[in-house]
2 protein chains.
Amino acid sequence: MNQDNLIPIPFVFEQPCPIRDVLDRIGDQWSLLILQVLEHGTMRFSAINRAIGDISKQMLSKTLRRLEEDGFIRRTLYPEVPPRVEYELTDLGRSFLVPMKGLVAWADDHHRAICEARADYAARAAS
Amino acid sequence: MNQDNLIPIPFVFEQPCPIRDVLDRIGDQWSLLILQVLEHGTMRFSAINRAIGDISKQMLSKTLRRLEEDGFIRRTLYPEVPPRVEYELTDLGRSFLVPMKGLVAWADDHHRAICEARADYAARAAS
DNA sequence: CGATCAAGTCTATGTTCTAGACCTTCGCTA
DNA sequence: TAGCGAAGGTCTAGAACATAGACTTGATCG
């Protein structure tokens with residue numbers, strides 16, 4: 001019935017799995033980008049919006065809320081008119097930047113190789 | 001018209017941006033998970049499927065194709081019946097594991113803190 | 001009086017993901 | 001000899017999610 005005893009699988013995620021839990025939250029289109037932007041200091045909603053450029057306000061709002069929920073960022077509302085809201089990294093968020101910078105550096109270093117791989121793939125697909 | 005000269009923004013992504021290019025591809029629900037699974041060696045389609053557990057075949061197929069396109073993994077088809085297809089990391093893919101392991105280690109180390117942050121947030125939301 | 005600001009939310013529309021049926025070709029079983 | 005199951009997918013229908021853009025709120029400016 002189950003193949004697992006016939007064909008051994010080298011690796012299976014236990015469920016629930018802490019890595020998956022974190023990666024599922026952080027591994028989306030926008031979270032890493034937002035954290036990267038906030039590295040440069042406290043920022044207001046619209047400033048983050050403009051820094052990223054092509055994120056919708058709804059998605060930004062939702063992602064910020066999730067990052068706040070997970071303790072990566074702190075949200076401070078100043079009840080002025082018009083309202084002012086500032087976002088900044090928490091200690092947890094700042095500590096996350098360390099492994100993330102490794103990822104970003106890798107991306108920077110290997111971007112050319114990836115582009116070449118894409119060109120190769122396209123060339124092979126065409127033939 | 002444009003606020004950028006009135007309110008300085010500490011950070012703006014240039015477009016096109018290599019970091020965004022890589023992060024947009026790798027930063028999805030499944031790519032990191034698949035690469036992590038493949039760290040343990042060459043695997044067949046259905047083995048990856050079972051290792052991850054809750055990915056749909058379509059998504060797995062699509063994500064594998066994208067990873068292959070970007071040069072992270074190599075796909076080898078053995079024209080037997082039934083067909084056998086094996087996936088393995090390329091050198092590029094393996095080099096990516098280095099920064100990724102940092103991320104995974106961080107996730108492991110800080111999972112508890114994140115869970116606490118979530119509980120705090122829920123408690124504050126309830127009150 | 002009307003426009004404008006910031007930080008969102010709401011809505012309509014469009015894109016993407018999921019679950020599950022289906023395809024192929026062969027060997028095995030009944 | 002008819003039918004089943006295997007592997008690695010693809011196809012389809014429906015659900016979930018993302019986007020663009022209008023709308024809100026209340027003080028301030030012209």
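Order of the sequence lines sets the chain letters (A, B, ...), proteins ahead of strands, with each chain counted from 1.
Ring pair B:Phe13/A:Trp30: centre-to-centre distance not below 6.0 Å.
Atom-to-atom, CZ of B:Arg65 to P of C:dC17 comes out at 13 Å; the value is rounded to the nearest Å. B:Arg50 places its CZ atom 12 Å from the C1' atom of D:dG8, with the value rounded to the nearest Å. When the P atom of C:dA6 is taken as reference, atom OH of A:Tyr87 falls 14 Å away, rounded to whole Å. The CZ atom of A:Arg66 sits 11 Å away from the C1' atom of D:dC17 (whole-angstrom rounding). Atom pair B:Met59:CE and D:dA15:C1' shows a separation of 15 Å (rounding to whole Å applied). Rounded to an integer number of Å, the gap from A:Asp54 CG to D:dT19 C1' is 11 Å. When rounded to the nearest whole Å, the span between CG of A:Asn49 and C1' of C:dT9 equals 14 Å. Between B:Phe45 atom CZ and D:dA6 atom C1' the separation is 14 Å, expressed in whole Å.
A heavy-atom distance below 4.5 Å is found between the side chains of A:Leu38 and A:Tyr87.
Contact annotation for B:Gln58: base contact, defined as any heavy-atom pair under 4.0 Å involving a base atom. As judged by a 4.0 angstrom heavy-atom cut-off over every strand, A:Tyr78 is placed among residues making no nucleic acid contact. Among the protein residues, B:Val85 comes within range of the sugar-phosphate backbone only, with heavy atoms under 4.0 Å from sugar or phosphate atoms but none that close to a base.
Regarding contacts with the backbone of D:dT10, a side-chain N or O of B:Ser61 is found under 4.0 angstrom from either OP1 or OP2.
Listed nucleotides: C:dT9, D:dG8, C:dA7. Nearest to the side chain of A:Arg44: C:dA7. Nearest nucleotide to the A:Lys57 side chain, out of C:dG8, D:dA27, C:dT25: C:dG8. Distance from the side chain of A:Lys62 is smallest to D:dA18 among D:dA18, D:dG8, C:dT25.
Relative ring orientation between A:Phe72 and B:Trp106 is described as tilted, the plane-to-plane angle lying within the 30° to 60° band.
Here A:Arg65 does not pair with A:Asp70 in a salt bridge; the nearest charged N to carboxylate O distance is not below 4.0 Å. A:Glu116 has no carboxylate O lying under 4.0 Å from a charged side-chain N of A:Arg118, or vice versa, which leaves the two without a salt bridge. One finds a salt bridge joining B:Arg74 and B:Glu88 here, because a Lys/Arg side-chain nitrogen approaches an Asp/Glu carboxylate oxygen to under 4.0 Å. Between A:Lys62 and A:Asp28 there is no salt bridge, since no side-chain nitrogen of the basic residue lies less than 4.0 Å from a carboxylate oxygen of the acidic one.
If you check residues 23-41 of chain A against DNA chain D, the residues with a heavy atom closer than 4.0 Å are A:Trp30, listed by number.
Remark on DNA chain C: of its neighbouring residues B:Ser56 and A:Pro82, the 5'-side contact belongs to A:Pro82, judged by nearest-heavy-atom nucleotide.
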